[in-house]
Amino acid sequence: MADGPADNQTESVRPIPPPGIEIESSELQSLTDACQQLRDRWTDVLAQAAKAAKQGNKWQQQQSQQRLADLRSLECEILVFPRAVEMAIELNQFYREQDAQSARELLTLAQQRIDRAVDEASWQTVVGLSTETGPQQLLVGGFRSELDGSYQPYAVVIPAGYAAHDARPRRLDLWFHGRGEKLSELAFLTNGQRSAGQYTPADTLVLHPYGRYSNAFKFAGEIDVMEALEYVSSRLPVDDSRISARGFSMGGAACWQIATHYSDRFFAANPGAGFSETPLFLKSFQGEDLSGTPDYQVKLWRWYDNPFWARNLINCPTVAYSGEIDRQKQAADVMQSVLADEGIALRHVIGPQTGHKIHADSKVEIEARMAALAANAAAQVPLRVELTTQMLRYHRMHWLDVQGLDQHWETASVVGQLNWDQAQPRIAVRTGNVNHLNLRFEAGQWLGNYPSQPIIEIDGDQVAGPTVHSDRSYEIQLVKSSRGWAIAEASDAIRKRPGLQGPIDDAFMSSFVFVLPDEADTSSAVGKWVQHEAEHAQVHWRKHYRGDVRAIKASELTPQHVADHHLILFGTPETNTVIKDVIGKLPVRWDADGVQVGKQAFAGADNALVLISPNPANPERYVVFNSGFTFREYDYLNNARQTPKLPDWAVIDTTQPITSRGPSGVLKADFFDEAWQPRSFIPSLPRQ
């Protein structure tokens, strides 16, 4: 649907997800009641198990306590189904008459899983894995997300010949689905029981992440992939050295992104169609003019614009696919050109005279190439590693671990070469735009001479490192100063580092909680704007990222919240006591006279502050002022638009209208420097 100028009109943005058909209220009530009955029954099962854990002798109590723990670990595999039905009811996402029957089938499956859990609290039993080798099985279930505690769905294809408790490690292919504006949890779980997907290689697990709806597996969708992979790997025997990334259409875009950002996780990548960057794709596919895009947004395109990350594919063999007459062939053509400049010849399989689908002959060729790559995959530590990054969220490649940059949103690079077969091993490193670097080998990964004390040769400097540990692990932390590279010393200095580098959207990629004013201000322009933005952030986290909203009042904040979560604070210093406590410890000022960031001041009582910063009360977590994720309804219409729209801070004129593209008039927006301080500005004139 998002194929042309009709979706370029900001004044007439169609709703995503689209509204569903009308279902009889009695049917919806019946489904709601059935969901609650399931939840009540599960609560009773846990209550009985908890009661048993307090009875009997010590040995019996230990056994009962273990059973209770096992039952709790299986809750996600049961309650994901009523949650899917409830989400479809809440968000009006029944699109076919048979969807109500599909909902009942999911609830029946949940009931069956409770019955199995009562009999035997083991994962294999509860999900229904066969104990005998047999045909392929299609399994659906759920895991609990660290982001917001919600139960998120997954689907996995169990290959023929696999039986429960089989411990032999298997290859696993990640398959990223295409754009589906109607792909609710209900539809995803239903489809996962009926379709194995495009590729089902022999003796291979195929994991289908949901990706938190239709976002090209970006942001929370990206985290969903990693959480689903971690969860399934904890339940099934996955060979960590033989995991691939694959997808088509929107899933192909996801594959480019995941493969270039996490190249060391995969033995191969197989992107098909999709998009690989923002401006050229939107111009060719959407007919959209992006010439007036603010500079900070252009910088932020680098987060997911894969040409900036393309050289990382030196670590990940890649087989791309396009239909010869598919408009989305543009994505692989762009990557092919960029990779050629890096000396990498992209293997680009092209379906003859084929549109937006996978040609049958191409499919055979692709499978043969992927099988050959899987057969030759190795778990050995690579002797040569390269890393290219634009931000510290993506900081590691094998044994290279970048911990600090000279400048975010400029290309940073590291090349490392192991020479460990010498009497005194050497690690040669060359860097660009990097000032903190760790070299890290886990237990058993140091395969060179032992005992030994490696010499580090980095950018012309020579550093004598520590000795290799007895478990064959090794780590050295290096820092660059005006005198060159040296071993890093412990420091409490606040600086941008992995997981605390911004921008605002980064706060929604790990656990967070909304902290709202105790009393809403509905009289001033700023108060009305804050209330709207707080409601918008919560509604759209639910609707677009399919999350459960954690929200508290400022007076309800506890030390545990501060320890465990990023704090998403809405309000002003006058209406939210947490903002009042925090703001005096940040390099900003916000009061009745206006907002000041560094030397730049914006006079006026109607201005509001949006920012992200390390939390002064817990520098391991963020505070965010007055923002959810920063792209909005207009951007839902095409996944390539779903890029950050604000950097680290912004000053908002709340008297200007809120639109489908932004939160009001942005007077100024920019990044903090690498020490989380305002960059130097020429002071602006006060706004009249």
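This chain uses plain numbering: 1 for the first residue, then up along the sequence. Note that the structure is a prediction, hence the values are computed from the model and not measured.
Using modelled atom types and a 3.5 Å distance limit, the side chains of Y151 and E185 yield no donor-acceptor pair. A donor-acceptor contact closer than 3.5 angstrom is absent between the side chains of Q403 and Q477. Side-chain contact annotation: D40 with Q36, donor-acceptor N/O pair under 3.5 Å present. Side-chain contact check for D33 and Q37: no donor-acceptor pair (N or O, by modelled atom type) lies under 3.5 Å. Side chain to side chain, Q93 and S184 fail the donor-acceptor criterion of an N or O pair below 3.5 Å. There is a side-chain donor-acceptor pair under 3.5 Å between D173 and S244. At a cut-off of 3.5 Å, with distance as the only test, a side-chain donor of Q152 or S150 sits close to an acceptor on the other residue.
In this structure, E227 does not pair ionically with R212, as no charged nitrogen and carboxylate oxygen lie closer than 4.0 Å. Between D548 and R550, no side-chain nitrogen of the basic residue sits less than 4.0 Å from a carboxylate oxygen of the acidic one, so the salt-bridge criterion is not met. With salt bridges taken as basic N to acidic carboxylate O contacts below 4.0 Å, one links R497 and E620. Under 4.0 Å is where a charged nitrogen must lie from a carboxylate oxygen, and between R393 and E222 no such pair does.
For the pair P201/E367, a side-chain contact is recorded, criterion being any heavy-atom separation below 4.5 Å from C-beta on. Between R104 and E27 the shortest side-chain heavy-atom distance falls below 4.5 Å. The closest side-chain heavy-atom distance from I476 to P466 is below 4.5 Å.
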Checklist entry - Between L172 and V232, is a side chain to side chain contact (heavy atoms under 4.5 Å, CB included) present by the stated rule, with each step listed? => result CA-CA 10 Å; L172 181 143; V232 168; 4.3 Å; yes

Item to check | CA sep, side-chain torsions, deciding dist, call: E475, D401, side chain to side chain contact (heavy atoms under 4.5 Å, CB included) | outcome: CA-CA 10 Å; E475 181 175 6; D401 186 359; 5.9 Å; no

Next on the checklist: Let's go through L236 and L129 carefully: what are the C-alpha distance in whole Å and the side-chain angles of both, what is the deciding distance for side chain to side chain contact (heavy atoms under 4.5 Å, CB included) to 0.1 Å, and is it a yes or a no?
Outcome noted: CA-CA 11 Å; L236 291 167; L129 277 182; 4.1 Å; yes

Next on the checklist: Please determine whether side chain to side chain contact (heavy atoms under 4.5 Å, CB included) holds for the pair Q137 and L139, giving the CA-CA distance in whole Å, both sets of side-chain angles, and the decisive distance to 0.1 Å.
Outcome noted: CA-CA 6 Å; Q137 288 184 265; L139 170 68; 5.8 Å; no

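Going from atom OG of S452 over to atom CH2 of W446 covers 5.5 Å, rounded to the nearest 0.5 Å. Interatomic distance, C76 SG to W123 CH2, rounded to the nearest 0.5 Å: 10.0 Å. Between the CZ atom of F514 and the CG atom of L567 there is a distance of 12.0 Å, given to the nearest 0.5 Å. How far CD of Q111 is from CH2 of W42: 11.5 Å, rounded to the nearest 0.5 Å.
Contact between P619 and I494 at its shortest, heavy atoms only, is CB-CD1, 3.8 Å. Scanning both residues, A269 and A259, for their nearest heavy atoms gives CB-CB, 3.6 Å. When all heavy atoms of K543 and P17 are compared, the pair lying nearest together is CG-CD, 3.5 Å. Among all heavy-atom pairs drawn from L186 and A84, the shortest one is N-CB, 4.0 Å. What you find for A100 and L31 is that their closest heavy atoms are O-CD2, 4.3 Å. Taking every heavy atom of both residues into account, F570 and A537 meet most closely at CZ-CB, 3.7 Å.
Under a 3.5 Å cut-off, the side chain of E120 and the backbone N or O of R116 do not form any donor-acceptor pair. Side-chain N or O atoms of N312 include one that pairs as donor or acceptor with a backbone N or O of T260 at under 3.5 Å. Between the side chain of N615 and the backbone N or O of R621, no donor-acceptor pair lies under 3.5 Å. No donor-acceptor pair under 3.5 Å is formed between the side chain of N270 and the backbone N or O of R246. Checked by atom type and distance alone, the side chain of S195 never pairs as donor or acceptor with a backbone atom of G192 at under 3.5 Å. Formation of a donor-acceptor pair under 3.5 Å by the D506 side chain with backbone atoms of Q501 is not found in this model. Between the Y210 side chain and the L189 main chain, no donor and acceptor come within less than 3.5 Å of each other. At least one donor-acceptor pair closer than 3.5 Å links the side chain of R396 to the backbone N or O of H398. Judged purely by atom type and a 3.5 angstrom limit, S473 has no side-chain atom pairing as donor or acceptor with the backbone of H469. Although no hydrogens or angles enter the test, the distance criterion places a donor-acceptor pair under 3.5 Å between the side chain of K585 and the main chain of D581.
The side chain to side chain contact (heavy atoms under 4.5 Å, CB included) test with F508 singles out one residue from D148, L147, I568, and that residue is I568. The one candidate from R144, R113, R72 that meets the salt bridge (charged side-chain N to carboxylate O under 4.0 Å, His left out) condition with E77 is R113. None of Y545, F629, W541 except one satisfies the ring-ring contact (aromatic ring centres under 6.0 Å, His included) rule with F512; the exception is W541. When each of L107, T32, L28 is paired with V85, the side chain to side chain contact (heavy atoms under 4.5 Å, CB included) condition holds for L107 and for no other.
Taking a 6.0 Å sphere around CD of E230, one finds it holds 12 or fewer heavy atoms contributed by other residues, nucleotides or ligands. Within a 6.0 Å radius of CD in E489, other residues, nucleotides and ligands contribute 12 heavy atoms or fewer. Around the CZ atom of R242, the shell of radius 6.0 Å holds more than 12 heavy atoms that belong to other residues, nucleotides or ligands.
Cation-pi contact between R170 and Y162: absent, since separation from the ring centre below 6.0 Å together with deviation from the ring axis within 45° is not met.
Aromatic ring centres of H177 and F217: separated by under 6.0 Å.
Aromatic ring pairs are classed by plane angle as parallel below 30°, tilted from 30° to 60° and perpendicular above 60°; the pair F441 and W399 is parallel. Under the 30°/60° scheme for interplanar angles, the aromatic rings of Y394 and H261 are found to stand perpendicular.
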